[in-house]
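In what follows, a structure is listed as structure tokens, so that the remarks can point back to it.
Ligands are counted one by one from 1 in listed order, and the atoms in each one are counted from 1 as well.
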Amino acid sequence: MSRTAVVTGAAGFIGSHLSERLLSEGWTVRGIDSFTDYYSPARKRLQIETARRARGFTLVEADLNDCDLDRLLDGADVVFHLAAQAGVRRSWGREFHLYVDANIRATQRLLEALRTRPARLVFSSSSSVYGETTELPMREGHRLRPVSPYGATKLAGEHLCELYRANFGLSYAALRYFTVYGPRQRPDMAFSTFITAALDGRPIEVYGDGRQTRDFTYVDDAVEANLLAAGYGGAERIFNIGGGSRVSILDVLDRIASLTGTALDIRFLDRAKGDVIDTWADTSLARVELGFSPRVGFEAGLARETAWYEKRRGGREEGSEA
Ligand code: NAD
């Protein structure tokens with residue numbers, strides 16, 4: 001019998017890939033998205049187009065803070081909660097309320113609606129909950145000291161999930177993704193801005209000296225982690241999800257120069273507040289408990305993302321490559 005999934009943030013970067021994967025495995029998928037204008041809603045419509053055309057998919061265009069959640073969750077076996085206001089830099093200042101609304105209020109509203117339901121929740125968390133640390137690789141048990149308002153709201157989301165588990169028996173897993181990339185990557189993220197600037201022959205702006213490192217996770221591996229977490233029945237709840245490729249921004253730029261065949265015009269800017277220097281995931285727990293094993297290495301993944309951007313410039317639609 002087909003299982004029913006609710007995917008929040010279904011039209012987003014990771015949510016659209018997850019929706020397609022679930023549909024390809026025979027799930028019935030109800031996707032919800034409010035098409036926020038953090039980046040182009042038209043781009044999100046293209047991202048969700050392949051899923052929208054598939055049998056078994058329904059799109060609910062609504063805000064989680066303002067929709068009938070009982071109807072949305074009716075019959076759901078698993079809720080994949082990806083809807084969020086992402087982005088570290090914009091989380092300072094006047095727009096913080098967007099982060100509170102999307103990452104805290106909407107999560108709390110969803111959790112309330114799940115109180116009386118048997119559905120399992122898979123919550124998309126972030127490596128941003130760790131903050132700056134010299135203890136590398138980062139382990140789930142490390143002290144959490146987010147250094148951005150965004151990270152603080154994602155940590156609040158994790159805490160809320162745990163409260164609903166402890167008090168109402170919610171079954172959940174929280175996945176702390178480490179920088180996810182691949183086709184459809186959000187346009188505000190580093191690879192996207194670097195690749196598009198390289199292809200357009202524009203200067204590339206780098207925050208900091210470029211020696212900062214990230215553990216990069218290919219989007220298909222993040223999607224796989226969601227499926228594994230949905231089916232997991234063990235006692236652990238919080239998992240690092242990293243691709244195992246810890247690379248500096250300077251190395252990323254080198255690769256992009258060779259993939260695009262261009263000489264990059266790089267401008268170094270001050271380090272952005274809220275950006276940590278290094279991230280590196282210890283994924284032992286996900287490996288042992290979930291059977292998680294990232295499949296796409298950094299070079300192959302970056303080549304795929306670059307090819308996707310090249311295809312878009314050639315007039316192909318965003319949703320058409322998957
Ligand atoms: P995204 O912005 O592409 O997708 C999020 C989607 O949520 C958007 O389409 C947006 O319109 C929707 N949304 C926002 N608020 C909503 C609301 N109130 N109701 C309904 N829909 C709403 O972002 P993404 O990169 O795909 O990230 C997905 C999840 O993964 C987020 O929870 C994010 O915090 C987390 N995450 C992402 C990364 C990454 O590298 N991309 C890393 C760590 C964590």
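- Across every non-hydrogen atom of Ala229 and Leu175, the tightest pair is CB-CD2, 4.0 Å.
- The residue from Val180, Ile48, Leu110 that puts a heavy atom closest to atom 39 (C) of ligand 1 is Val180.
- Within a 6.0 Å sphere centred on CZ of Arg211, other residues, nucleotides and ligands contribute 12 heavy atoms or fewer.
- Residues Pro137 and Ala281 come closest through the heavy atom pair CB-C, 4.0 Å.
- Ligand 1 is approached by Ala62 to a heavy-atom distance shorter than 4.0 Å.
- Atom 11 (O) of ligand 1 has its nearest heavy-atom neighbour, among Ile32, Asp33, Asn226, in Asp33.
- Only the side chain of Met189 comes within 4.0 Å of ligand 1, judged by heavy-atom distances.
- For Phe191, no heavy-atom contact with ligand 1 is shorter than 4.0 Å.
- The shortest side-chain heavy-atom distance between Phe57 and Ile48 falls under the 4.5 Å cut-off.
- Within the 4.0 Å heavy-atom shell around ligand 1 one does not find Ser16.
- Aromatic ring orientation, Phe178 versus Tyr130: tilted (interplanar angle from 30° to 60°).
- Of the protein's heavy atoms, Gly12 CA, 3.4 Å lies nearest to atom 4 (O) of ligand 1.
- In this structure, Tyr39 is part of the shell of residues with a heavy atom less than 4.0 angstrom from ligand 1.
- Protein heavy atom nearest atom 19 (N) of ligand 1, with residue, atom name and distance: Leu64 N, 3.0 Å.
- If you run ring-ring contact (aromatic ring centres under 6.0 Å, His included) between Phe239 and each of Tyr232, Tyr177, Phe123, only Tyr232 comes through.
- Residue-level proximity to ligand 1 for Lys154 is carried by the side chain, the only part with a heavy atom below 4.0 angstrom.
- Between Tyr172 and Tyr164 the shortest side-chain heavy-atom distance does not fall below 4.5 Å.
- At least one heavy atom of Tyr150 sits closer than 4.0 Å to an atom of ligand 1.
- Ligand 1 is never approached by Gln85 to a heavy-atom distance shorter than 4.0 Å.
- Pairing each heavy atom of Leu144 with each of Val129, the nearest pair is CB-O, 3.5 Å.
- For the ligand labelled ligand 1, residue Thr8 lies outside the 4.0 Å heavy-atom shell.
- At the top of the distance list for atom 31 (C) of ligand 1, counting protein heavy atoms only, stands Leu82 O, 3.1 Å.
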